[in-house]
Amino acid sequence: MDLAQLTSDLEALRARAIAAAAAAPDTAALDALDVEVLGKKGGITAILRSIGALPPEDRPRLGAVGNEVRAAVEAAISAARARLSASELAARLAAEAVDVTTPGRPVRRGSLHPIMETAREIADVFAQFGFVVYEGPEVEDDVTNFQMLNIPPDHPARDLWDTLYLDLEGRLLRTHTSPGQIRVMHQEQPPIRALLPGRCFRYEAVDASHASEFFQVEGLMVDEGTSMADLKGLLDQFAHAMFGADRPTRFRPGYYPFTEPSVAFDILCVICNGEKCPACSRTGWMTILGAGMVHPVVLRYGGIDPERYQGFAFGMGVERIANLRHHVVDLRQYMEDDLRFLGAFR
Amino acid sequence: MRVPLSWLREFVDIQLTPEQLAERLTLLGMEVKHIERWGADWQNVVIGELLTVDKHPRADRLHLTTVTVGGETLSIVCGADNIAPGQRVPVALPGAVLPGDRRIERTEKMGVVSNGMLCSGDELRLTGDADGILILPQDTPLGVPLADLYGDVVLDVDVKPNRGDALSILGLAREVAAATRQGVRQPPITVEEGSGPSSAERFAVDVRDPELCPRFVGRWVGHVRVGPSPDWVQMRLLAAGQRPISNVVDASNYVMLELGKPIHTFDAAAVGAGPDGRATIVVRRAAAGERLETLDHVDRELSPEALLIADPRGPIAVAGVMGGANSEVAEATTDVVVESAVFDAVSIRRTAFRLGLRSEASSRFEKGQETRLARLGADRTAQLLHEWAGGVVAPGRVDTAPAEPGRPRVAFRPARVNRLLGTELTADEQRDLLARVGVETEPAAPGDRVDVAITPHLLAVVPDEGSAITALVPTWRRDIAVEADVAEEIARVRGYELVPSVTPDTLMPTFRASPLEVRELVRETLAGAGLTEVVTTALVSPRHHDTFVLARDVPSIEGEDEPGGSAIEVTNPLSRDHSLLRRNLLGSLLDVVAVNLRHGTPDVAVFEIGKGYARSGATAREWWRLGIALTGAAEEPGWNRAARPYDLDDAKGILELVARRAGLPRPVYEAETAEAVFHPGRTARAAAGGDLFAILGELHPDTIDRWGLRSSQRVILAEIALRGLAAGRLAPERARSVVRFPEVDRDLAIIVPEATPAAAVETLVRATAGSLLREVTLFDIYRGVPLAGDEKSLAYRLRLGAGDRTLTEPEVEAAVAAVVAALPGIGGRLRA
Ligand SMILES: [Zn+2]
């Protein structure tokens, strides 16, 4: 063995290994090449094992060549590995492709009932003006539902509320949320800003525009200077919040025994915008709520001095507001609970 | 109230179009609901003159006429007998349309061509006469469309219950006058009295109960010829919605519509005589058991509260409600007693309700009437009986309370009016506005107090000197009684549109939590979990109530109304289907399932937050519940997923989600086997401390059958009581530090008898594993070889940790060993 022979063997191995690395079909072939050439029992190690047979002065020179060949082969394998893994990854990704245009796996979508949501939206608007929510019982007594609201027994105004009576003496199903005014006044001292949502009942044959069970929202504000101008301002802002900032409103006289003066509050017909259509009985306007300044008698029944304090109350049918906002024409749909109807709402 | 404009114009000038007038009245508080074109359904009906009237050659009952309508001459066949040449009549030309969408064409009647039709008043709905052709005045212009002459506009005005004074043409004329700033013409009431005995000599009135009848004015009209009213009267009544009957009855209806005063007329011959020989009317309450056959020929028992018009022998009318058949004015009647009385409003209302006889008359009485109207009504009726029926009016009236009260004085403070309205009107401006509705004003006299409220007892204040004005209220305006009423009148006449619109800047109330907080949280949670919110009726049928009432109700959260007791019933239900208040939400939700299955929606996942109701003794109770119904596919099937039906575990998962969102521990379950509506093997009770109680389970197949679902789908229902649903806030969550030392998982497969509930095993694990136990999760259940047939293996993962250090192996082993050692206590063992 001489140095020249061994050096030539190393060079031949280098050339063969580099050619093999370049030709390797996959990373597994490179792994095999790595073991074959660079491994503990590989070609380079095998050649260098003969180093002991060389004269001492030649040994470092062969070692240097060996290191040089090892580095060159390592570089070649590493370069080939980088090239191959990129193309293998590309091949895998290509194989994994799916049709991304198919619809997704369905997630069941729930929804909230339009009446409950409308009541919440109404409450949200008034909450901005400091109105807080109270609730009263649905089984009411005649005294609170009528008499304390300035509607004595046998008063002709009772015709305005067809009442469902119960087999409990003096008790009835509340015909409106207005008895809540009395309950709030018994509970609080002015300043009062109260909102009372809830279910109400009437002796009313059910058709497209009448229900025997329905929801109302009542409002009550009482303080020393709370005036009809405040009422108008608040209702205007409410209408604009619910029906658009440019929706004209109309404030006109109404009648309720528990308010004086009483108000009917209209918005320009949302169907015809005032052009007069069947939906607005050809008036161009739609009444969305009733209101007025709390009658002094009601304040007194509420335990509030009507000489010092004054205030307003308003009440609206939630279905009415929801109808106009969502273009519902038959309010029986609200309690029929057909999911095809309810599914249209958020 | 129906108001023909032609009638209204008798009392006030109207320059506005009907639409403008309607809007002005509406803005004044007299809402016009509808504008009707009276006569709009007469198409192609013109005025003609009869030229010839001959017998029909082949039909005895028909006439052959020739008619001119100005140009050509038409031959028309007619069946009426009241026609003669020279008369002016309404002619429906071929192509005409009459009320009821009746079309008139050229026809052949018994071999003779008829080029149209002569019309009766009834065919035109213009008068009540169906027997003869409507004969028009001789000066009616030829060829003119009938609608141009007799067409009218009728306003349908919604008069509110406090404005009984406006339930009349005259009353609404006053409103029009106020709206258009002009005066009202009073109706020309001039009674031409005859000679002979006076009314007082003819008859007497004995009011036994002056509280219920403050004034009774009577008049005697003799020599009346009962027959149809003049055509123009019939036309007017019909346009106002009142059917013509006879001149006597029409006169009283006319006065009711014109003045707002209900009038009754008696056949004087039927009024029995008193001891002095005069016919005598007694106004008294009914005696027990007394009966009367009313005008509608129904024999009625009268309650002792009812006010009667009687003669010495017995009742002849129910005061203010309906006359008696025994004293009805009939064709043979010659002498008439006119009753124009004022009755107590409450009494009339009660009697009308009790008898189920509410009428135009009773509805006016029950709104209260000024006593002055009694005199005006009697005079006006006597005048019309003279003019329309040839009656001879006996001199004088019988009047039980001739004194007429003056105008009520209602003092008000202009400054207080401004405070209420948010306006800055001067006192003079306010007085001018009041003057437009006939309210006169003067400076308050020293003794005048300001009435703030009259009920429950008078609250009056002494105004500062010079600060008050006294309104002299017209007698007919019974609605203006206190200061606030004056304020409304000022605002109303001025126009509500002129009230300023401002944002309130007064004090805010103190903070109060919304009672809706937990309900909102639950709603958002469940909608996010794929459930749809529903709202169902609280009133249900007895069958519904009885089927779904539970042997053991879901208990309420402490402090809220407890369920139980008996059902609350509606005494006047609209139908049996809605006659009881429901005790729980289960049946209502099953109805929602049924409706949707019927409509072809098989997958239903819904919830409702609503109340249950019951009574205990005289106390009504209401409690809030969350109800859930699930059926069909739990996961919507898609091309990439198979359908999986809802089962009890889905309901439990939803319950656990709600509990978690409400900050509660995981609910603990126990089997419920005894509720008839539910599947005995697939129903659970659940509780999470005292903060959540529930029943949830599959419906019993019998329930599904009985409810007619006709479906093999399983249905899961749940009802849940949850703290805060009624009101109340959730406590802020307490943060948990993330553990910095590793926790250790150990899996234990525990074999227990099939009958041992998993909850018992879990309870045992929790009780014995010691303080290092962090979590227990059931992750598998295995049945089969090598287990015995009545055994199952429950695989639990125990997570152990100390929080402040890494656990040592002996500590972990000790915890596991403690669990294993306790297993025999429940008949369990560790799976090898
Ligand atoms: Zn419209």
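Order of the sequence lines sets the chain letters (A, B, ...), proteins ahead of strands, with each chain counted from 1. Scope of the values below: all heavy atoms of this structure, side chains included, with no hydrogens, waters or symmetry mates.
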Working for side-chain contact (heavy atoms from CB on, under 4.5 Å), residues Leu164(A) and Asn572(B): CA-CA 6 Å; Leu164(A) 289 166; Asn572(B) 60 330; 4.0 Å; yes
side-chain contact (heavy atoms from CB on, under 4.5 Å) between Glu23(B) and Arg250(A), intermediate numbers included: CA-CA 12 Å; Glu23(B) 187 174 9; Arg250(A) 192 169 80 167; 3.8 Å; yes
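Two residues are said to be in side-chain contact when any heavy atoms from C-beta on lie closer than 4.5 Å; Val595(B) and Asp337(A) fail this criterion. Pro504(B) is listed as a side-chain neighbour of Arg193(A), based on a closest heavy-atom distance under 4.5 Å. Using a 4.5 Å heavy-atom cutoff, the side chains of Pro191(A) and Thr506(B) are not in contact. Contact check for Leu112(A) versus Thr532(B): no side-chain heavy atoms found under the 4.5 Å cut-off. The shortest side-chain heavy-atom distance between Val606(B) and Leu342(A) does not fall under the 4.5 Å cut-off.
For Glu520(B), the part lying under 4.5 angstrom from a heavy atom of chain A is the side chain only. Only the side chain of Glu622(B) comes within contact range of chain A, with at least one heavy atom under 4.5 Å from a heavy atom of that chain. Interface residue Glu608(B): only side-chain heavy atoms are found under 4.5 Å from chain A.
Atom-to-atom distance recorded for His155(A):NE2 and Lys367(B):NZ is 10.0 Å, nearest 0.5 angstrom. Remark: Leu27(B) CG to Trp285(A) CH2 distance equals 9.0 Å, nearest 0.5 Å.
A donor and an acceptor atom, one from each side chain of Glu533(B) and Ser111(A), are nowhere located under 3.5 Å apart. At a cut-off of 3.5 Å, with distance as the only test, a side-chain donor of Asp236(A) or Ser501(B) sits close to an acceptor on the other residue.
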Using atom types as modelled, flag every donor-acceptor pair under 3.5 Å from a side chain in residues 290-299 of chain A to any protein atom, sequence neighbours excluded.
| unit_1 | atom_1 | unit_2 | atom_2 | d |
| --- | --- | --- | --- | --- |
| His295(A) | ND1 | Val297(A) | N | 3.1 |

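Residues meeting the salt bridge (charged side-chain N to carboxylate O under 4.0 Å, His left out) test with Asp162(A), sequence neighbours left out: none.
When all heavy atoms of Pro106(A) and Arg641(B) are compared, the pair lying nearest together is O-NH2, 2.8 Å.
Enclosure of atom CZ in Arg109(A) by more than 12 non-hydrogen atoms of other residues, nucleotides or ligands within 6.0 angstrom is indicated.
A salt bridge links Glu117(A) with Arg523(B): at least one charged nitrogen is closer than 4.0 Å to a carboxylate oxygen.
Lys160(B) places no side-chain N or O within 3.5 Å of a backbone atom of Gly254(A) that could act as its donor or acceptor partner.
Comparing Gly638(B), Pro456(B), Gly29(B), Ala620(B) by how many heavy-atom pairs each has under 4.5 Å with chain A, the most go to Pro456(B).
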